[in-house]
Amino acid sequence: MNIKRLLLTFLPRYVVGRLVIYSRLMRIEKPIGTLLLLWPTLWALWIASEGIPDFTILIAFAVGTFLMRSAGCVVNDFADRKFDGSVERTKNRPFAKGLVSTEEAILLALILCLLAALCLLPLNRLTWLMSLPALFLAVTYPFTKRFFPLPQFYLGLAFSFGIPMAFAAVNETVPPLAWLIFTANVLWTLAYDTIYAMADKEDDLKIGIRTSAITFGDNDISAIMICHFWFTVLMTILGLQIQATWPFWIALPISIYWQYKQYKQIKTRDCWLCFRTFLENNRIGLIWFLAIAGHYLWLSIQTA
């Protein structure tokens with residue numbers, strides 16, 4: 001039984017219809033964004049807690065990540081409501097189809113942000129303070145596409161703030177190591193979201209949206225691979241900093257190989273292949289999480 005049928009069992013049809021539309025605004029059916037936001041946060045939590053994160057902190061960050069990504073999607077659709085109908089990939093979104101009002105979207109975004117704020121209650125004051133710039137970046141990102149030449153870089157900042165927040169929640173301080181991971185993740189986000197922007201490049205040029213794919217022009221693929229290169233360099237430095245054991249280093253050649261495959265795919269400049277390549281970045285985030293978790297698991301086995 002699917003979710004819609006399950007809801008119809010208990011709720012009136014109109015209410016179910018609105019909930020389905022709201023879930024589409026939140027991109028619940030497309031978890032890739034949540035995962036890309038969650039992986040670097042988990043990297044930071046595992047490193048800050050040396051492989052044994054507190055369960056309450058872990059749940060708070062996992063749920064908060066989902067809620068803030070959902071809120072960001074709602075704000076994004078609100079900001080792009082006059083453009084999405086002109087873009088092939090987004091023409092069926094709720095705003096583009098006239099299925100939702102601006103008032104509904106604003107109220108939904110506020111509710112999601114308030115629910116995310118509740119996730120901060122068990123955390124310390126420094127984490128609360130660091131959530132303020134994180135919130136600001138998340139809700140303002142969609143509007144940067146009107147004037148900022150590299151909105152994907154701005155998104156990288158927004159997608160990386162879970163890293164210092166995780167260190168703050170665990171250790172009540174944000175060490176230089178956190179900012180190393182932060183910088184690495186900004187570069188990785190700039191790389192994969194530029195690939196995402198390549199899929200919409202022709203439509204974005206027509207409607208006047210700013211993206212890194214447009215700003216980089218014919219050098220977009222080179223810029224993506226440079227970002228991937230420095231991301232990998234910084235993750236290597238991270239491994240040296242934490243004195244990583246063999247499970248961590250297994251991820252290095254795998255990640256490099258996947259990046260090379262991305263290069264082979266995006267150089268075709270095929271829109272749908274670029275979009276699929278963007279989605280494949282999820283496994284890069286996963287392999288680095290497994291590398292970090294594996295490192296600390298191996299250490300615990302060695303010291304047992």
Side-chain angles (χ1 to χ4, degrees), residues 33 35-50 61 65 68-69 72 126-127 129-138 140-141 144 148-171 173-197 211-213 215-216 219-220 222-244 248-249 251-252 255-256 258-259 262 278 281-293 295:
L35 291 171
L36 289 172
L37 183 56
L38 184 61
W39 292 130
T41 304
L42 294 181
W43 304 343
L45 275 176
W46 252 253
I47 292 172
S49 60
E50 297 185 345
F61 273 90
T65 295
M68 283 309 303
R69 186 261 178 168
L126 179 59
T127 313
L129 292 174
M130 299 211 66
S131 72
L132 298 177
L135 174 63
F136 175 80
L137 290 167
T140 56
Y141 157 70
T144 62
F148 189 53
L150 294 174
Q152 281 67 30
F153 172 76
Y154 197 92
L155 179 69
L157 298 177
F159 264 39
S160 301
F161 243 89
I163 295 167
M165 286 179 65
F167 275 89
V170 174
N171 298 324
T173 186
V174 183
L177 191 63
W179 299 112
L180 171 68
I181 306 170
F182 180 96
T183 305
N185 193 62
V186 170
L187 290 166
W188 180 45
T189 307
L190 179 55
Y192 68 64
D193 210 54
T194 300
I195 296 173
Y196 189 29
T211 72
S212 55
T215 299
F216 291 138
N219 297 313
D220 50 2
S222 296
I224 289 165
M225 298 315 297
I226 288 171
C227 288
H228 270 317
F229 171 79
W230 284 109
F231 162 68
T232 303
V233 168
L234 291 179
M235 294 302 284
T236 302
I237 294 172
L238 171 65
L240 296 173
Q241 289 286 313
I242 64 174
Q243 298 181 324
F248 181 93
W249 299 113
L252 185 60
S255 178
I256 292 172
W258 284 341
Q259 290 167 345
Q262 288 188 23
F278 156 74
N281 278 277
N282 177 56
R283 61 186 183 181
I284 291 180
L286 171 60
I287 194 67
W288 280 116
F289 169 68
L290 293 176
I292 292 167
H295 158 64

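Residue numbers run from 1 in the order of the sequence given. Heavy-atom basis, side chains included; hydrogens, waters and symmetry copies ignored.
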Peer 1: Answer yes or no: is there a side-chain heavy-atom contact under 4.5 Å between N281 and Q262?
Peer 2: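 N281 vs Q262: side chains touch.
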Peer 1: Is any side-chain heavy atom of P175 closer than 4.5 Å to one of F167?
Peer 2: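 They are in side-chain contact.
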Peer 1: Could you state the interatomic distance from CG (L238) to CD (Q241), rounded to the nearest 0.5 Å?
Peer 2: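 L238 CG to Q241 CD: 8.0 Å, rounded to 0.5 Å.
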Peer 1: What class does the angle between the rings of F278 and Y196 fall in, given that below 30° is parallel, 30 to 60° is tilted and above 60° is perpendicular?
Peer 2: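 Rings of F278 and Y196: parallel, as their planes differ by under 30°.
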Peer 1: Look up atom OG1 in T236 and atom CD1 in I256, then write down how far apart they are to the nearest 0.5 Å.
Peer 2: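 Rounded to the nearest 0.5 Å, the OG1-CD1 separation comes to 6.5 Å.
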Peer 1: Quick one, W39 and W288 - any side-chain contact, counting heavy atoms below 4.5 Å?
Peer 2: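 No, too far: nothing below the 4.5 Å cut-off.
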Peer 1: CG/D193 to CG/L36 distance, rounded to the nearest 0.5 angstrom?
Peer 2: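 The CG atom of L36 is 9.0 Å from CG of D193, to the nearest 0.5 Å.
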Peer 1: Can you confirm whether F231 sits close enough to V186 that some side-chain heavy atom of one is under 4.5 Å from a side-chain heavy atom of the other?
Peer 2: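 A side-chain contact under 4.5 Å is absent here.
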Peer 1: If you look at every heavy atom in P164 and F182, which pair is closest and at what distance?
Peer 2: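 Shortest heavy-atom contact: CD-CD1, 3.8 Å.
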Peer 1: Are the side chains of I284 and Y192 in touch, meaning some heavy atoms are under 4.5 Å apart?
Peer 2: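 A side-chain contact is absent here, since even the closest heavy-atom pair is not under 4.5 Å.
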Peer 1: Looking at P151 and T144, what are the two nearest heavy atoms and their distance?
Peer 2: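 Shortest heavy-atom contact: CB-OG1, 3.4 Å.
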Peer 1: To the nearest 0.5 Å, what is the distance between OH (Y141) and CG (L155)?
Peer 2: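 One finds 5.0 Å between OH of Y141 and CG of L155.
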Peer 1: Looking only at non-hydrogen atoms, find the nearest pair between L187 and C227 and report the distance.
Peer 2: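 The pair with the smallest heavy-atom distance is O-CB, 3.4 Å.
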Peer 1: Taking the side chain as everything from C-beta on, heavy atoms only, tell me whether T189 gets closer than 4.5 Å to N185.
Peer 2: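 They are in side-chain contact.
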Peer 1: With rounding to the nearest 0.5 Å, note down the distance linking CZ in F148 to OG1 in T215.
Peer 2: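 The OG1 atom of T215 is 9.0 Å from CZ of F148, to the nearest 0.5 Å.
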Peer 1: Are the side chains of S212 and F153 in touch, meaning some heavy atoms are under 4.5 Å apart?
Peer 2: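 With C-beta onward as the side chain, the pair stays apart.
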Peer 1: Here's a test for you: under side-chain contact (heavy atoms from CB on, under 4.5 Å), which of I242, L180, T232 qualifies with I237?
Peer 2: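 So, applying the side-chain contact (heavy atoms from CB on, under 4.5 Å) to I237 and each of I242, L180, T232, only L180 qualifies.
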Peer 1: Give a yes or no on whether Y154 atom OH has more than 12 heavy-atom contacts from other residues, nucleotides or ligands under 6.0 Å away.
Peer 2: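 Result for OH/Y154: enclosed.
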Peer 1: Taking all atoms of both residues into account, what is the closest heavy-atom pair of F248 and M235, and its distance?
Peer 2: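 Closest approach of F248 to M235: CZ-O, 3.3 Å.
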Peer 1: Drop me the distance from M165's CE to S160's OG, to the nearest 0.5 angstrom.
Peer 2: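 That separation rounds to 12.5 Å.
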Peer 1: What is the minimum heavy-atom distance between A169 and F61, and which atoms define it?
Peer 2: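 Nearest heavy atoms, A169 then F61: CB-CE1, 3.6 Å.
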Peer 1: At their closest point, which heavy atom of L37 faces which heavy atom of A158, and how far apart are they?
Peer 2: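 Taking L37 first and A158 second, the nearest heavy atoms are CD1-O, 4.5 Å.
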Peer 1: Evaluate the side-chain proximity of F216 to Q152: yes if any heavy-atom separation is below 4.5 Å, no if none is.
Peer 2: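 No, every pair of side-chain atoms sits at 4.5 Å or beyond.
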Peer 1: Does CH2 in W230 sit with more than 12 non-hydrogen atoms of other residues, nucleotides or ligands closer than 6.0 Å?
Peer 2: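 It does not: W230 CH2 has 12 such atoms or fewer within range.
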